[in-house]
**Q** 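Below you will find the structure I want to go over with you.
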Amino acid sequence: MRYLALDIGEKRVGIAASDATGTVASPVCVLPAQEVRAQARSFRRILEDHEPDVLVCGHPLTLSGEEGPQAARIEGEARAIAQACGLPLEFADERLSSREAKRILREQGLSEKSMRGKVDMVAASLFLQSHLDAKTNKG
């Protein structure tokens with residue numbers, strides 16, 4: 001089963017995908033949020049290339065595990081995107097994924113400026129991997 005993860009932000013959406021077995025997550029790219037919302041050609045091409053069975057969106061929770069201030073907006077956008085794609089939707093805890101993504105990119109020697117376009121897709125791959133691992137451990 002293939003999964004496509006979206007880290008939905010106000011300006012950008014980080015995208016990650018799993019392998020065909022739903023075991024390993026990898027960063028794909030970052031697109032302007034408007035292109036994803038509008039199902040632009042760039043986003044449709046990603047859907048065609050990865051052929052996901054499930055869409056996984058990051059769920060913004062506070063450190064205490066409650067829904068964060070962005071949760072309702074993100075949930076609404078995620079549902080609209082999933083419906084437009086005709087895919088089932090799952091949510092994954094995205095707490096600290098951006099912070100961890102920045103740490104990883106910093107370790108690779110990237111500056112804050114060069115990190116800007118990469119953080120969202122790395123964060124998406126991190127929360128997707130956690131989601132996949134949790135599914136594997138459940139089953």
Side-chain angles (χ1 to χ4, degrees):
M1 178 155 314
R2 292 180 189 267
Y3 294 82
L4 190 74
L6 304 180
D7 184 10
I8 301 172
E10 289 183 32
K11 295 181 182 176
R12 293 180 297 272
V13 176
I15 302 173
S18 76
D19 63 341
T21 64
T23 308
V24 179
S26 302
V28 173
C29 68
V30 176
L31 290 177
Q34 193 53 41
E35 289 183 19
V36 176
R37 286 187 203 108
Q39 300 284 306
R41 181 179 296 151
S42 56
F43 183 59
R44 289 195 321 265
R45 189 172 303 128
I46 289 167
L47 292 170
E48 290 167 9
D49 289 349
H50 295 279
E51 299 179 336
D53 299 299
V54 178
L55 195 63
V56 178
C57 290
H59 199 221
L61 301 174
T62 64
L63 290 178
S64 63
E66 297 171 11
E67 289 197 351
Q70 299 286 345
R73 181 183 66 80
I74 298 296
E75 286 174 17
E77 285 187 36
R79 290 186 205 301
I81 293 166
Q83 186 173 14
C85 296
L87 291 171
L89 175 64
E90 296 178 6
F91 287 98
D93 183 353
E94 69 169 30
R95 279 181 285 184
L96 304 175
S97 61
S98 292
R99 184 179 296 166
E100 179 67 8
K102 285 182 182 179
R103 186 192 64 74
I104 290 168
L105 293 170
R106 220 176 277 117
E107 282 181 3
Q108 293 178 356
L110 273 70
S111 67
E112 285 291 323
K113 187 177 181 182
S114 58
M115 257 189 243
R116 201 166 293 138
K118 296 176 176 64
V119 171
D120 300 310
M121 70 177 176
V122 173
S125 71
L126 290 171
F127 71 70
L128 177 57
Q129 188 64 59
S130 293
H131 190 69
L132 297 174
D133 292 346
K135 285 185 159 304
T136 301
N137 293 335
K138 244 186 199 177

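Below, all heavy atoms of this structure are taken into account, side chains as well, without hydrogens, waters or symmetry copies.
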**Q** Under 4.5 Å between any side-chain heavy atoms of Q39 and C85, yes or no?
**A** yes
**Q** Distance check, rounded to the nearest 0.5 Å: E100 atom CD versus S125 atom OG?
**A** 10.0 Å
**Q** Find out whether V28 and D49 are in side-chain contact, i.e. whether some heavy atom of one side chain is under 4.5 Å from a heavy atom of the other.
**A** no
**Q** Tell me the closest heavy-atom pair linking M115 and L110, and the distance in Å.
**A** CE-O, 3.5 Å
**Q** For R99, is the CZ atom crowded, meaning more than 12 foreign heavy atoms sit under 6.0 Å from it?
**A** no
**Q** Within a strict 4.5 Å, meaning less than it, do heavy atoms of the V36 and E77 side chains meet?
**A** no
**Q** Taking atom CZ of F43 and atom CD1 of I15, what is their separation to the nearest 0.5 Å?
**A** 5.5 Å
**Q** Which atoms form the tightest heavy-atom contact between A101 and V122, and what is the distance?
**A** CB-CG1, 3.6 Å
**Q** What I want to find out is whether R103 reaches E107 closely enough, with some N-O distance under 4.0 Å, to be called a salt bridge.
**A** yes
**Q** Kindly give the heavy-atom pair with the smallest separation between G14 and A124, and that separation in Å.
**A** O-CB, 3.7 Å
**Q** Quick one: does any side-chain atom of D53 pair with a main-chain N or O of R2 as donor and acceptor, under 3.5 Å?
**A** yes
**Q** Give me the atom names and distance for the closest heavy-atom approach of K118 to S114.
**A** NZ-O, 3.6 Å
**Q** Just so I know, are the side chains of D7 and S98 near enough to count as touching, which here means a heavy-atom distance under 4.5 Å?
**A** yes
**Q** If I take atom CD from residue E10 and atom CD from residue Q70, how far apart are they, to the nearest 0.5 angstrom?
**A** 5.5 Å
**Q** Applying side chain to side chain donor-acceptor pair (under 3.5 Å), can you list everything that pairs with S64, at least two apart in sequence or on another chain?
**A** T62
**Q** Nearest 0.5 Å please: distance from the CE atom of M121 over to the CZ atom of R12.
**A** 11.5 Å
**Q** Apply the test side chain to side chain contact (heavy atoms under 4.5 Å, CB included) to residues L4 and L87: give CA-CA distance (whole Å), side-chain angles for both, the deciding distance (0.1 Å), then the verdict.
**A** CA-CA 10 Å; L4 190 74; L87 291 171; 5.8 Å; no
**Q** Determine yes or no for a side-chain-to-main-chain donor-acceptor pair under 3.5 angstrom, with Q129 supplying the side chain and T23 the backbone.
**A** yes
**Q** Shortest non-hydrogen contact from F127 to G58?
**A** CZ-N, 3.3 Å
**Q** Please determine whether residues Y3 and L55 belong to a single hydrophobic cluster, defined as Ile, Leu, Val, Met, Phe, Trp and Tyr linked transitively by side-chain heavy-atom distances below 4.5 Å.
**A** no
**Q** Treating R95 as the side-chain partner and L61 as the backbone partner, does any N or O pair qualify as donor plus acceptor under 3.5 Å?
**A** no
**Q** Using every non-hydrogen atom in the two residues, find where S18 and L128 come nearest and quote the distance to one decimal.
**A** N-CD2, 3.8 Å
**Q** Linking I/L/V/M/F/W/Y whenever their side-chain heavy atoms sit closer than 4.5 Å, directly or via other members, would V13 and V30 fall into one cluster?
**A** no
**Q** Counting C-beta onward and ignoring hydrogens, is there a side-chain heavy-atom pair between K135 and E90 closer than 4.5 Å?
**A** yes
**Q** Could you tell me which residues satisfy side chain to side chain donor-acceptor pair (under 3.5 Å) with R106, sequence neighbours excluded, listed by chain and number?
**A** E112
**Q** Do the non-hydrogen side-chain atoms of I46 and L31 ever get within less than 4.5 Å of each other?
**A** yes
**Q** Side-chain contact test, heavy atoms from C-beta onward, threshold under 4.5 Å: evaluate it for I8 versus I81 and give yes or no.
**A** yes
**Q** Any non-hydrogen side-chain atom of D93 less than 4.5 Å from a side-chain atom of H131?
**A** no
